[in-house]
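This chain uses plain numbering: 1 for the first residue, then up along the sequence. As the structure lists them, so they are numbered: ligands from 1, and atoms in each ligand from 1. The analysis underlying the following values was restricted to heavy atoms, covering all of them including side chains, and did not include hydrogens, waters or symmetry mates.
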Amino acid sequence: MDKRIGLNSIAFTLNGDSVVTRPLPGERLSYSLRERLGAKDVKVGCDAGDCGACTVLVNGAAICACLMPTHQAEGRTVETLAGLRGADSAAEALADSFAAHGAAQCGICTPGMMVSAVALLRSGTQLTEAAVQDALGGVLCRCTGYGKIIDAVLAAGEPHAPPQGDGHTGQPIQRLDVAGKLDGTERFGDDVAPPDALHLRVIRSPYHRAHFDLGDLQGWAGRTPGIVTVLTAKDVPGAQTFGVIPAFADQPVFAVSETRFKGEAVAAVVGSAAAMQVFDETQVPITWTELPAALSMSEALTDEAPALHADRPGNVMCKGYVACGDDEAALEAADVTVEGSFTTAFVEHAYIEPEAGFARMVGDRLEVHACTQAPVMDQEALAEILGVAPSAVRIVPTGVGGGFGSKLDLSVQPYLALAAMRTGRAVRLTYSRTESMQSTTKRHPAQITARIGATADGRLNGMTFQGQFNTGAYASWGPTVANRVPVHASGPYRIADYRAEARGVHTHCVPSGAFRGFGVPQSAVAQESLFDELADKLGMDRLEFRILNALENGTPTVCGQVFDSGVGIRACLEALRPAWAKMRADAQSWNRGHPSLRRGVGVAGGWYGCGNTSLPNPSTIKCGLRADGTLVLHQGAVDIGQGSNTAIAQIFATALGVPVDKVTLVGADTDVTPDAGKTSASRQTFVSGNAARLSAEALRAEILARVNADKGAKLNLDGDVIEIRDAAKTHRVALADLPADAEGYVLRAEQTYDPPTVPLDANGQGHPYAQFGYAAHLAVVEVDMALGTVRPLRVVAAHDVGHAINPNLVEGQVQGGIAQGLGMALMEEYLPGRTDNLHDYLIPTIGDIPPIETLIIEEPDVHGPFGAKGLGEHVLIPTAPALLNAIHDASGVRVTELPATPARVRAKLRERDHG
Ligand code: FES
C-alpha cells in the first residue's frame, strides 16, 4: 500500500454509505463530494460561504461544504439532499410542501434550502417564521423572494392535496419539472461534464484598461505538467468578435493587445483536472501595462477620454428617441412643473449558479452543454466564431440556475467550443463567483434628468426626459436599452406632449446588458418619483393623481399606439385603493408615537412591452403523437426558473383539449426542438405560448378532420386510441394503425407565432409591441431617522397579466421580482473590481423581504394566448420607485441616487436638518 496515499485517505459516511476519498491538502468538502464522490446534488454558488447553496449536514449540523476542508470530515457523517430524500421523513415532507407552494423556481438554491430546513425540523424547534428565517438565513435565493420557501417549511408535514383538474390555464398546478429540483437530480451547467473532461481557465485582465504582451504561451504550456494547450485571439478561426445584436457585435472573444475592462479575457488555458486544480495563473507569461481608464460616463464623454471604439465618436454607442406633440410648449403652459436628476448603479444579476458547461466533438460536430437563455442565438454566434455552418453546432441547454437576462449573452461557450475543437476532447469550464461578477453583464447604471408638468386639474401636461446609460466596454444589449427606454419613460400614463432621448455611453467597465426590464426600472425611478412631487405640488392624493392620468383603452401611448382593449393600469392602481387608505392611516397613527422611527407609504406604476421592440420575434413550437399515444411537446423556450415549461404546457393542453398530465415535455435542444426564441423581454408566455396554442389547434384540427367531428368535440387520449366525442357520436382513432414518420410521430403539428408590430419612425411613432403588461406596487417602509436605515414592512403588488395561466407561478414571479427591485432600491451596487463577490455585493436575504400580497388583475389581451400577457420584467419595475416614494413619505427626504443605502438616506436627512 502507498503509505502517502494511505495517509491522505479520508473516510466518512456519506448518505449512509462508508466512503473513502483522497483529497488534496485543504480541499473543500464541496469539491470532494461533487468531483470525487459524485454528489452533484451539492451545488456550488460562491466557494466562499456566502450563498449557502452547498449546505450539507455534518453530524447533523448544517454547514457550507465549501468552507470545510475534506480532512475535517474524517469519521463523520455527511448527509446531502439526495441522501435525505427517501431516508428522512422530514425531507419527504419538505419536498411535498416545496412542490405544493411553488418554493423552487430555478432550483439551484433548493438543495441548500431543504437541507437547512431538515436540520430545523429535526431539531424540534417550534416552527415560526422567525425560526425558519434563522435556520435558512445562510442560504441565498435570487428567484423566489423567499416567501414561498418560508411558507413551505412552515407547512411541512401538513397534508397537501394533489392538484385537481385537468391543469388547464387558470389552474395553479405544481411545476411540471419540479421533481428534479427537489431531489437533487436536476443537472445544471457544472453538473454535466464527463469525468475525463479537460478543465479550462480563462486568463483575464487585472486592470480596467491595459496593454498586454503575450509571452511564449505554447512553450510554457509544453513545460508545465498537465497543461494541454493555451488559446488566444489567433486561435479563433472565424469572427473575432461577438454580440447579441449583430450590428453591434463588438466584444472580442480574446482581447488583442489592449483590454477595455477589468476581467476581460485574453487567453484560455486547458489542462487536466489535477493540473488545473493547482493551476497558478501568475505563471502564465503575460506582461501587463496599466493604462488610464474612463470608469464613469462623465469621464468617458470628455474630449480627452480614450476612444473605446473607433467607429463610435465621443464614446456614444447609440441613441434612442421618442417624441410626440410639443413638450416645450406644453411645459410652458403647465400650471405646475417638477424637475429632477437621478442616478442608479450597476446591478449584478447574482444568480446562484455561475456560468458553466462543457463542450465536446461528436464526429465533426460540436456539442455545447451549458446554461443559457438563448440556445439558437448561442448556436448562431458560435458558428460565426468557429467559422462553421450553424448545423455543425448543437446546443443542449442544461438546467439554468437563474438568468434574469445575463445568460442571454455568451459567456463560457466560445472558450469551451474553441478548446473542444482544438483538443478533440471534452472540455469543461465553470466560472468562479468573482469571474462571473467581473466579466458578465450588469444592469446599466443610469443618469436621468426629467421635467414633467401638469395643469391645475391634475392632468399631465408635457414631459421631457434625457437618460444616459453606462453600457460599459461593449454593446451587449445597450442598443435595446437605448431604444426601449424612450418608449417607456412616460410610464403607463397619457402624456400628449413628450420628448425622450436615451443614449448608451461606453466606459472601461464590464459590459451592461439585459437585466429584467432593459432600462425601464431605471427610468421608472425618475418618472414615478417626480409624479409624487407633482401630486404634492398640486395638493392631490398621490394614488388618485396616477389613476386620473392612467392610460385607458382608446388613448394613445407616447408612440401613438392605441389599444382598444387590455389596458390594465387603471385597474391595477384602483386595486390598491383599499390598502393605500388603510396603510396610510396606520402609518400616520404609528408616526404620532414614534418620532425617531417614521413609517411611510409609497406607490408607483409601471408597464412593459412584451417581446422585441418593433422587430421580428417569432417562436416555433412542435408537437406530435406517437403510435402508443404519447403526446410530445417540443418546448424550446428555456425555463430559467420562471415556469415556462409549465405555463406553455398548460396553454398547449388547453388548446388541444386534453389534461396537462398527458403532455410529455421535450426541452430545448437545437437538434430536437424548433427555435422558440430567447427567454427574455417577458415574451415566452405571450409569444411561445401562442406558438404552443397554434400547434395544439393544428393538431386538434387534424385529429377532428380524420373523423369529421364537430369543432367542439371532446378528446380523450386513452392509451393508443383517441376517443373523439361530439354531439353526434363517439369516434375512435387507433394511433397504432397510422404510419409513423422519421421521428416516430403518427400525427404532428408545428406552428410559428410572431407578434404584430409596426416599426418606429424617426420620432419613435409606431407600434413597438403587440402587448403591454401593467403593474402598480404599494410599499410600506420604516425609516430610522438617526441611522438612515430603511426597513420594508409590506408590499402590495397589483399585476395585470391578462389571464393568469398559472396563478401560483404568477405569484412566484411577482415575489421574486419584488425582491430584486428591493435590492436595486436599497442595497445593490456593483463597483467594478471592488464588489465582485457575494459578501461585498449584498443581495436581499431571507430576512430582508417583507410580506408581499399579490393582486392578480386580468384585462385580457387580444393577442395573448387565452388573453395572457408577459410578466417577467414587469414585476420589479414599480418596486424601486414605490420604496423611494415610501422613504420620502416617511422621512420627508427624497433619495435620488440608488441604492438608498443608510449612508445616503442619513446624508439626505442631515442635509435637510442642517442645511
Ligand atoms: Fe432559489 Fe433560483 S429558486 S435561486
message: Return the CG to CD1 distance between Leu838 and Ile352, rounded to the nearest 0.5 Å.
response: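 One gets 6.5 Å once the value is rounded to the nearest 0.5 Å.
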Value rounded to 0.5 Å, distance of CD1 in Ile640 from CZ in Phe404: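 So the CD1 of Ile640 and the CZ of Phe404 are separated by 7.0 Å.
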Please list, in number order, the atoms of ligand 1 under 4.0 Å from a heavy atom of [X].
X: Gly107; value: 2 (Fe), 3 (S)
X: Ile352; value: 4 (S)
X: Cys141; value: 1 (Fe), 3 (S), 4 (S)
X: Arg142; value: 4 (S)
X: Ile108; value: 4 (S)

message: Donor-acceptor check, side chain of Glu435 to backbone of Ser432, threshold 3.5 angstrom: yes or no?
response: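 Between the backbone of Ser432 and the side chain of Glu435 there is a qualifying donor-acceptor contact (under 3.5 Å).
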query: Can you check whether Val376's main-chain N or O pairs, donor with acceptor, with Thr670's side chain at less than 3.5 Å?
result: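 Absent.
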- prompt: Hey, are Glu853 and Arg794 close enough for a salt bridge, meaning a charged N less than 4.0 Å from a carboxylate O?
  reply: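 A salt bridge is present here (some side-chain N lies under 4.0 Å from a carboxylate O).
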- prompt: Within the stated cut-off of 2.8 Å, is an N/O/S atom of Cys109 closer than that to atom 2 (Fe) of ligand 1?
  reply: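 Checking atom 2 (Fe) of ligand 1 against Cys109, no N, O or S atom falls under 2.8 Å.
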Leu822 side chain near Pro850 side chain, heavy-atom distance below 4.5 Å: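 Yes; the side chains approach each other to less than 4.5 Å.
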- prompt: Has Cys106 got an N/O/S atom less than 2.8 Å from atom 1 (Fe) of ligand 1?
  reply: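 Here the distance criterion (N, O or S atom, under 2.8 Å) is not met by Cys106, so no.
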query: Counting backbone and side-chain atoms alike, does Cys143 have an N/O/S atom under 2.8 Å from atom 1 (Fe) of ligand 1?
result: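 So Cys143 does not count as coordinating atom 1 (Fe) of ligand 1.
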